Amino acid sequence: MLWDEEFETLPREALEALQLKRLKNLVERVYTAVPHYRNKMDEAGVKPTDIKSLADTAKLPFTTKSDLRDNYPFGLFAVPFSRVVRIHASSGTTGKPTVVGYTKRDIDSWAELMARTMAGGGAHQGDVVHNAYGYGLFTGGLGAHYGAERIGAAVIPISGGNSKRQIMIMQDFGSTVLTCTPSYALNLADVMKEMGVDPASLKLRVGLFGAEPWSERMRTEIEKRLSIDAVDIYGLSEVMGPGVAAECIEQKHGLHVFEDHFLPEIIDPDTGKVLPLGEKGELVFTTLAKEAFPVIRYRTRDISRLITESCSCGRTFYRMERVTGRTDDMLIIRGVNVFPSQIEHLLMNIEGVEPHYQIIVDRKQSLDIVEVHVEVSERIFSDEVKVLENLGRKIEREMKDVLLTSCKVKLVGPKTIERSEGKAKRVIDKRKL
Ligand code: DLL
């Protein structure tokens, strides 16, 4: 369902005119208000008046996570601090978190964009939204919360954790929409099974899942095990939080980027050059309407491509292909580039394998060793040792074919890989480089 028909169906020409107007205004604003952006633009020899078309975006310098870190905590804010009404942060892999801020109007736009996300995924007034994204500095909990309220649904702000209680509440309160990470959705399905709760007896109808990469196979698994429609939603705190792009329930194929608020580009991660529409590369976003924490050409490190074909749902926004991996979680194993998503894809197509795995990388005598721990179904695990051995060898062979480097596979029993309440930890890199 469309939430904001006027903007969601703007003809491309009108949309691009709006983007350009907002882009010019943004560049002017940050040049005046944020010394970091002014310095970087001066270094690159570009002035706000040089932005005459959308293509001129390519003249602007990129922003990276380290720019955020260097200006920790509030150095990139573009409004006086007295206008900031909310602060969120995301934990980085190293040290300090990256900090973002919102004005009243930013919170209002965010709620609107999350309302679009909810409506696009098929949620509406009268729904009971079971919000199991974490509340706190993470943007998932409050982001989904405001969107659900904006469409007039009743929100249960349950946050992550205590899965048995979650299921009891789903039963008693009649939850119809589930919002959490896809890995936590599977975790909830496991616990339901343990408790002897039949998902079909619940009122759950749809799930809006995101905050981590997942595959088409995982979607099928979640849909089957929870008897719901599973929809992919995307965002990142530096750009706003959830509500940057979302699938429509009509197609469940590619996530509509809310282009009136975010200008997407796909670049070659090595050269920084903008790639032609449709090619795969690193996603870069410029925020077009944010006040407190605008970003110019933020390098997400997420890999995707833009889909320009029109969609049956009526939205004119381009779609981005589901994010399959990040440029920075690419593992280099004995010189070969390996993406965890390749391993996941391969595993998900093997009978008897559960969608829970962990990749452990270590270095012994200066040689990289990869061990992939893979959970197998109860049935396979209780089968003869030989069956298990054969399965392990089969996976090792397939991995070698796909990854062009060898990994050791260890099949582990059901529920032995630690479950997460938020983002799943798929890779443990023990190498000290
Ligand atoms: O994860 C915001 C969010 C919350 C999105 C709830 C969706 C739902 P961060 O913690 O800043 O923000 O992490 C952002 O998570 O750059 C991607 O690598 C990854 N990510 C987010 N959504 C998806 C998705 C939130 N649907 C980082 N598919 C992003 C794949 C995703 N990866």
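Only a predicted model underlies this, so the values are computations on that prediction, with no experimental measurement involved. By convention here, the first residue in the shown sequence is residue 1. Note: hydrogens, waters and symmetry copies are ignored here, and every other heavy atom, side chains too, is used. When a ligand or atom number is given, it counts from 1 through the structure's own listing order.
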**Prompt:** Among protein heavy atoms, which lies nearest atom 8 (C) of ligand 1, and at what distance?
**Reply:** Y133 OH, 3.4 Å
**Asked** Which is closest to atom 16 (O) of ligand 1 by heavy-atom distance: T117, D302, T300, V231?
**Response** D302
**atom 20 (N) of ligand 1: nearest protein contact (heavy atom, Å)** = A211 C, 3.5 Å
**Message:** Using a 3.5 Å distance criterion without hydrogens, assess whether the side chain of K408 forms a donor-acceptor pair with backbone atoms of I369.
**Reply:** no
**Request:** Find all atoms of ligand 1 within a distance of less than 4.0 Å from any non-hydrogen atom belonging to G140, and give their numbers and elements.
**Result:** 4 (C), 6 (C)
**Prompt:** Heavy atom under 4.0 Å from ligand 1: found in E212's side chain, backbone, both, or neither?
**Reply:** backbone
**Item:** For atom 2 (C) of ligand 1, the protein heavy atom that lies nearest, with its residue and separation
**Value:** G235 O, 3.4 Å
**Polar contact flag for L255 and ligand 1 (N/O pairs, less than 3.5 Å)** = no
**Message:** Give me the residue, atom name and distance of the protein heavy atom closest to atom 11 (O) of ligand 1.
**Reply:** S237 OG, 2.5 Å
**Donor-acceptor pair between W214 and E344 side chains, under 3.5 angstrom** = no
**Message:** Checking S312 against Q251: is there a side-chain donor and acceptor pair closer than 3.5 Å?
**Reply:** yes
**Numbered atoms of ligand 1 (with element) below 4.0 Å of R326, judged on heavy atoms** = 16 (O), 18 (O)
**Asked** Does the side chain of S90 pick up a donor-acceptor pair with the side chain of T98 at under 3.5 Å?
**Response** yes
**Prompt:** Among protein heavy atoms, which lies nearest atom 9 (P) of ligand 1, and at what distance?
**Reply:** K423 NZ, 3.5 Å
**Item:** Plane angle bin for F77 and F74 - parallel if under 30°, tilted between 30 and 60°, otherwise perpendicular
**Value:** tilted
**Prompt:** Would H88 and Y102 count as a close aromatic pair, with their ring centres under 6.0 Å?
**Reply:** yes
**Message:** At under 4.0 Å between heavy atoms, is it the side chain or the backbone of T139 that contacts ligand 1, or both, or neither?
**Reply:** side chain
**Request:** Please report the C-alpha distance between H145 and Y135 in whole Å, then the side-chain angles of each, then the deciding distance to 0.1 Å, and finally whether the ring pair (Phe, Tyr, Trp, His ring centres under 6.0 Å) criterion is met.
**Result:** CA-CA 9 Å; H145 184 108; Y135 282 67; 5.7 Å; yes
**Request:** Measure up the Y234 and F285 rings against each other and bin them: parallel (under 30°), tilted (30 to 60°), perpendicular (over 60°).
**Result:** tilted
**Message:** If we set the cut-off at 4.0 Å for heavy atoms, which region of D232 has an atom near ligand 1: side chain, backbone, both, or neither?
**Reply:** side chain
